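Encoded as structure tokens, the structure appears first; notes follow it.
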Amino acid sequence: MDDLADSETPDLEHLRRQYEEAADEGDTDAEFALGVLFSEWMDPPDLDSACRWYERAADAGNVDAMVNLGLICAERMDPPDLDAGRRWYERAAEAGRGEAMLGLGWIHEELARPRELDEACQWYERAAETGNVDAMLRLAYLYQELISPADPDATRRWWERAADAGHSDAMHNLGVLHHAFMDPPDDEAARQWWERAAEAGESRAMNSLGLLYSHWTDPLDLDAARHWYERAAEAGNYNAMNNLGWLLHEQMDPPDLDTARRWYERAADGGHRRAKINLVRWRIDAARRRLHPASDRESENGSE
């Protein structure tokens, strides 16, 4: 396996012969490596050959091979073989492998028809108990979006587990949950989660903090909003670029029209629809200001 991992352009034919010689002598690692070679390095992949070698490795007890067989059978074969995928994932799950439990949850949630959400939750919960963060995220999604009625407490619990494991997307989602889905909203809790996510580099949380300080706090704190919008914008978040333009154009007193235009343009260049509209508004407003420097303006909310 090291030869495959360490080389950008390996000699696949040479490696195949080398691994086959070792596999013929009972080397399980070589059998697994051949599965990887045929499934990941060949162009196009040779999934039938990959499965043969993975099966030899799996029958010798290689759990990684069992997981890869489950993935190939359930998601990469055309048509998929869900029964075989389940069997291989179940063997790996019996060996304690969280990725296999996650795969079984995914089969029950997304691939089985009709969906089997109770079974999906059971497998995701088993995977989560092994520390699998992806399973925690799937559970939060199921309890919010797919299970009826939605269970905000369960959603929060699983996002908190993922957040405590360091997942910044879960931290951001917890902020959204507290702000938009709790009754009554808890914007202080939302702020705390968004700040944690922002410090972990999550630009959406930075943008959410900008929205919080520019729209949802009483009194508004436009300097704080500008700080967070700028951090998100510099991280490449087009919503924040547009929102920063709107803040400077429509909310700051006096407005900073030149800087607002630059941020609108950056967002518009990235394909942001609202920024394109706001840029037209900015041009109309700038022309009106030149004609009537002291006129009052009325505006609509253009941030998101």
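Please read these numbers as outputs of a predicted model, since none were measured by experiment.
The side chain to side chain donor-acceptor pair (under 3.5 Å) test with Asn278 singles out one residue from Asp285, Asn243, Asn242, and that residue is Asn242.
Here CH2 of Trp194 is found 9.5 Å from CG of Asn207. Values are rounded to the nearest 0.5 Å. A distance of 7.0 Å separates CE in Met206 from CD in Glu199, rounded to the nearest 0.5 Å. Rounding to the nearest 0.5 angstrom, the gap separating the CD atom in Glu250 from the CZ atom in Arg281 is 6.0 Å. Taken from OH in Tyr54 to CG in Leu34, the straight-line distance is 10.0 Å, to the nearest 0.5 Å. A distance of 10.0 Å separates CD1 in Ile107 from CD in Glu116, rounded to the nearest 0.5 Å. Distance CG/Asp46 to CZ/Arg16: 10.5 Å, rounded to 0.5 Å.
Counting all heavy atoms, side chain and backbone alike, Trp216 lies closest to Leu220 at N-CD2, 4.1 Å. The two residues Ala74 and Leu111 come nearest to each other via the heavy atoms O-CD1, 3.6 Å. Across Ser208 and His172, no two heavy atoms sit closer than the pair OG-NE2, 3.4 Å. Residues Arg97 and Val67 share a closest heavy-atom pair of CG-CG2, 3.7 Å. Across all their heavy atoms, Ala120 and Leu142 have their closest contact at CB-CD1, 4.4 Å. Looking at every heavy atom in both residues, Ala23 comes nearest to Ala30 through N-CB, 3.8 Å.
Between Met42 and Ser49, every side-chain heavy-atom pair lies at or beyond the 4.5 Å cut-off. Looking at Tyr238 and Arg274, their side chains never come closer than 4.5 Å, going by heavy atoms from C-beta outward. Using a 4.5 Å heavy-atom threshold, the side chains of His178 and Arg156 count as touching. Under the 4.5 Å side-chain criterion, counting only non-hydrogen atoms from C-beta, Ser214 is in contact with Tyr229. Using a 4.5 Å heavy-atom threshold, the side chains of Arg226 and Leu222 count as separate. With contacts defined as side-chain heavy-atom distances shorter than 4.5 Å, the pair Glu75/Glu110 does not qualify. Within the 4.5 Å cutoff, no side-chain heavy atoms of Arg138 are placed close to those of Trp158. Put simply, the side chain of Trp123 does not reach to within 4.5 Å of the side chain of Leu102, judged on heavy atoms.
Using a 4.0 Å cut-off between charged nitrogen and carboxylate oxygen, Asp164 and Arg161 do not count as a salt-bridge pair. Contact check on Glu195 versus Arg231 returns no salt bridge, with no Lys/Arg side-chain nitrogen under 4.0 Å from an Asp/Glu carboxylate oxygen. A salt bridge links Arg86 with Asp83: at least one charged nitrogen is closer than 4.0 Å to a carboxylate oxygen. A salt bridge is absent between Arg262 and Asp258; no separation between the charged side-chain nitrogens and carboxylate oxygens falls under 4.0 Å. The pair Arg17-Glu13 counts as a salt bridge, with a side-chain nitrogen and a carboxylate oxygen less than 4.0 angstrom apart.
Residue Leu247 is not grouped with residue Ile277 when hydrophobic side chains (ILVMFWY) are merged at heavy-atom distances under 4.5 angstrom, including chains of intermediate members. There is no path of hydrophobic side-chain contacts, each under 4.5 Å, that joins Val280 to Met241.
Within a 6.0 Å radius of CZ in Arg115, other residues, nucleotides and ligands contribute more than 12 heavy atoms.
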Full working for side-chain contact (heavy atoms from CB on, under 4.5 Å) between Asn68 and Ser39: CA-CA 9 Å; Asn68 289 359; Ser39 63; 5.8 Å; no

Intermediate values then yes/no, salt bridge (charged side-chain N to carboxylate O under 4.0 Å, His left out), Arg191 and Glu188: CA-CA 5 Å; Arg191 180 188 63 78; Glu188 177 57 24; 2.3 Å; yes

Chi angles and distances behind the salt bridge (charged side-chain N to carboxylate O under 4.0 Å, His left out) call for Arg76, Glu40: CA-CA 11 Å; Arg76 296 186 63 187; Glu40 304 296 335; 3.1 Å; yes

Check against side-chain contact (heavy atoms from CB on, under 4.5 Å), Gln144 and Phe181: CA-CA 10 Å; Gln144 184 178 44; Phe181 293 97; 3.8 Å; yes

Full working for side-chain contact (heavy atoms from CB on, under 4.5 Å) between Trp263 and Thr259: CA-CA 6 Å; Trp263 284 114; Thr259 307; 3.7 Å; yes

Leu104/Tyr124 under side-chain contact (heavy atoms from CB on, under 4.5 Å): CA gap, chis, key distance, verdict: CA-CA 8 Å; Leu104 283 163; Tyr124 285 146; over 6 Å; no

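Using cut-offs of 30° and 60° for the angle between ring planes, the His249 and Tyr264 rings count as perpendicular.
Between the Trp53 side chain and the Ala33 main chain, no donor and acceptor come within less than 3.5 Å of each other.
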